[in-house]
Amino acid sequence: MTTKKLLIQGGTVVSDSDVAPYDIVIEGDHIAAHGLRGDFDPTSFDEVFDATGLLVLPGLVDPHVHFDAPFMGSKTVHDFHTGTASAAYGGITTVISFSTQPKGDSLLRNLEEHEQKANGQAYVDWSIHGILLDSSEQTLTEIPKLVEAGVPTYKCFTTYRHSDRLMDDDSMLQVLKTTAESGGMLMVHCENDAILEYRLQRELAQGNTSWIYHARSRPNSAENVAIQRVIDLMKEERAPVYIVHASTAESVRIIQKAQSEGDPIHCETCTHYLILTEDLLNTELGHLFICSPPLRTQRDIDALWRASRVGPIEVVSSDDAGLPSADRTRLGEGRFDKVPNGMPGVEPRLTMLYTEGVRKNRISLPRLVSLSASNPARLFGLFPQKGSLSPGSDADIVLFDPNIEWTMSAKTIHMNTDFCPFEGIDVFGKPKTVLCRGEVVIRDYELVGSPGHGRRVFRKLDSSFID
Ligand SMILES: [Zn+2]
């Protein structure tokens, strides 16, 4: 079989450091060469993509999704089939999903189960993160094996004591120590459990059960103190840490300070924390906007955009964790504390970041690429295979049409749910063509890829990016 040769011609190529007009040659599954416009003879290629007027971006990496995950009596709307289809529509060519194993179960066996779930289902490439529910001997023994098996990142929680998922200080120190020894990176969901429980009981005692009390019972202070606590524990056992979904104005200052002191700490925020406010919880459909940490205020949004532009935020993920609207209504029973948490968002991420970020001059185009593709690839052990348009990298490429104007809605996108958190927002830009390892997955805005093309990517952290 001869290797297919493709040419992407006439586009404006955006890397994480540059915007420049050049043509890209793809051979088989990887990028083979760059050249000035007109350097390559179009007749010597199997297919030529005319990228005139389009932005050529590296395929996006979404390092935070929850596919096929049971949660609070429900299950996330996306599995590897529907989730990677929506991801492809959103210009994402690699997703990293969280494994959810029952407490006490083996992390490694869970990895195998995910492999089976995703086999033959995924349109784009995928990997998983582990979830640590304790620091049992089994967990600590399995961490190095997990790292070796290509899953060097895993998350723990500083809350959810009531469902037995809280990682206390003693356990966190053990896990940090093992992480440092095994070349992994610990991801932490930071909300202080004591504050959340105290507030929850106080609101319930006063009969405050409407949706907005989800935000009232999970204040900024709970997140801030939990992040500071992790940083203090890192002083005892220095290991790379990644704070998931930073959402408060103060959190980014705390993380910035720790970074300036040399701590190997990293953080992301999520699309919805950059755009939506807690005011949405004050509406009848507020339960559909319940996520943890909760949506915050405009003051937080402004600080998060600033931190996305200049740091310390390095990544914007989707935290795609939508749950069926009917389940949320039914299980919620009109009480904020009973609603399963989490929103879908894998598909809107690129268009929302372009519309709200680039078009509003909050971030540059190269910064958009850093936050959504290159940095997640670097931090999660995928670079330069992913998140890069350099020769040798996988031919994961998005031809993004920046001029299309449309309205974001559950009806205009392809997520497996009737709820879109960004419903009704007028937006700019849409992926026209998406390639994953040289195969066309989206062509002329429509899904043409095949489930099963997506493969598991083995990840290995590069200490030069995380230490
Ligand atoms: Zn999450």
Side-chain angles (χ1 to χ4, degrees), residues 60-80 83-84 86-87 90 92 94-101 107 110 114 126-133 151 153-160 163 165-167 185-191 193 196 214 218 222-223 226-227 230 241-248 251 266-276 288-296 304 313-324 328 339-349 352 371-372 376 379-380 415-417 419 421:
L60 270 59
V61 176
D62 191 341
H64 190 159
V65 301
H66 300 264
F67 291 168
D68 216 332
F71 191 55
M72 286 175 82
S74 182
K75 192 176 177 194
T76 52
V77 291
H78 286 138
D79 56 18
F80 280 88
T84 55
S86 308
I92 293 159
T94 309
V95 294
I96 314 180
S97 182
F98 283 91
S99 72
T100 309
Q101 73 272 13
L107 295 163
N110 204 250
H114 269 77
W126 61 277
S127 177
I128 71 162
H129 304 288
I131 288 187
L132 310 182
L133 301 173
V151 180
T153 48
Y154 32 80
K155 180 170 75 168
C156 68
F157 304 90
T158 64
T159 182
Y160 303 128
S163 57
R165 290 191 281 165
L166 178 139
M167 187 72 71
M185 177 163 73
L186 180 64
M187 306 167 77
V188 191
H189 173 129
C190 286
E191 286 182 289
D193 193 72
L196 300 191
H214 175 72
R218 303 180 92 98
E223 180 172 330
I227 294 174
V230 172
V241 166
Y242 180 95
I243 305 296
V244 291
H245 45 53
S247 71
T248 71
S251 68
H266 304 276
C267 74
E268 66 172 19
T269 191
C270 310
T271 328
H272 44 276
Y273 297 119
L274 287 168
I275 295 168
L276 308 178
L288 302 180
F289 292 91
I290 284 184
C291 58
S292 294
L295 297 177
R296 309 256 185 217
L304 293 174
I313 289 173
E314 291 164 271
V315 173
V316 180
S317 73
S318 71
D319 195 0
D320 183 274
L323 297 144
R328 298 177 74 128
V339 179
N341 299 193
M343 290 194 289
V346 69
E347 184 175 341
R349 174 171 167 250
M352 295 315 299
L371 293 166
S372 63
L379 291 172
F380 291 102
M415 295 199 294
N416 186 33
T417 166
F419 171 65

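Read the numbers this way: they start at 1 and go in the same order the structure lists the ligands and their atoms.
In this structure Tyr160 satisfies the ring pair (Phe, Tyr, Trp, His ring centres under 6.0 Å) test together with Phe157, His189, sequence neighbours excluded.
Taking 2.8 Å as the limit, the number of protein N, O or S atoms around the Zn ion (ligand 1) is 3.
For the pairing with His64, the side chain to side chain donor-acceptor pair (under 3.5 Å) check across Glu268, His245, His129 returns one residue only, Glu268. Applying side chain to side chain donor-acceptor pair (under 3.5 Å) to His78 and the options Thr84, Asn416, Asp320 leaves one that passes, Asp320.
Checked by atom type and distance alone, the side chain of Ser247 never pairs as donor or acceptor with a backbone atom of Pro293 at under 3.5 Å.
For an aromatic pair to be called close, the ring centres must be under 6.0 Å apart, and Phe380 with Tyr242 satisfies this.
For the residue pair Leu132 and Leu186, the shortest heavy atom distance occurs at CD1-CD1, 4.1 Å.
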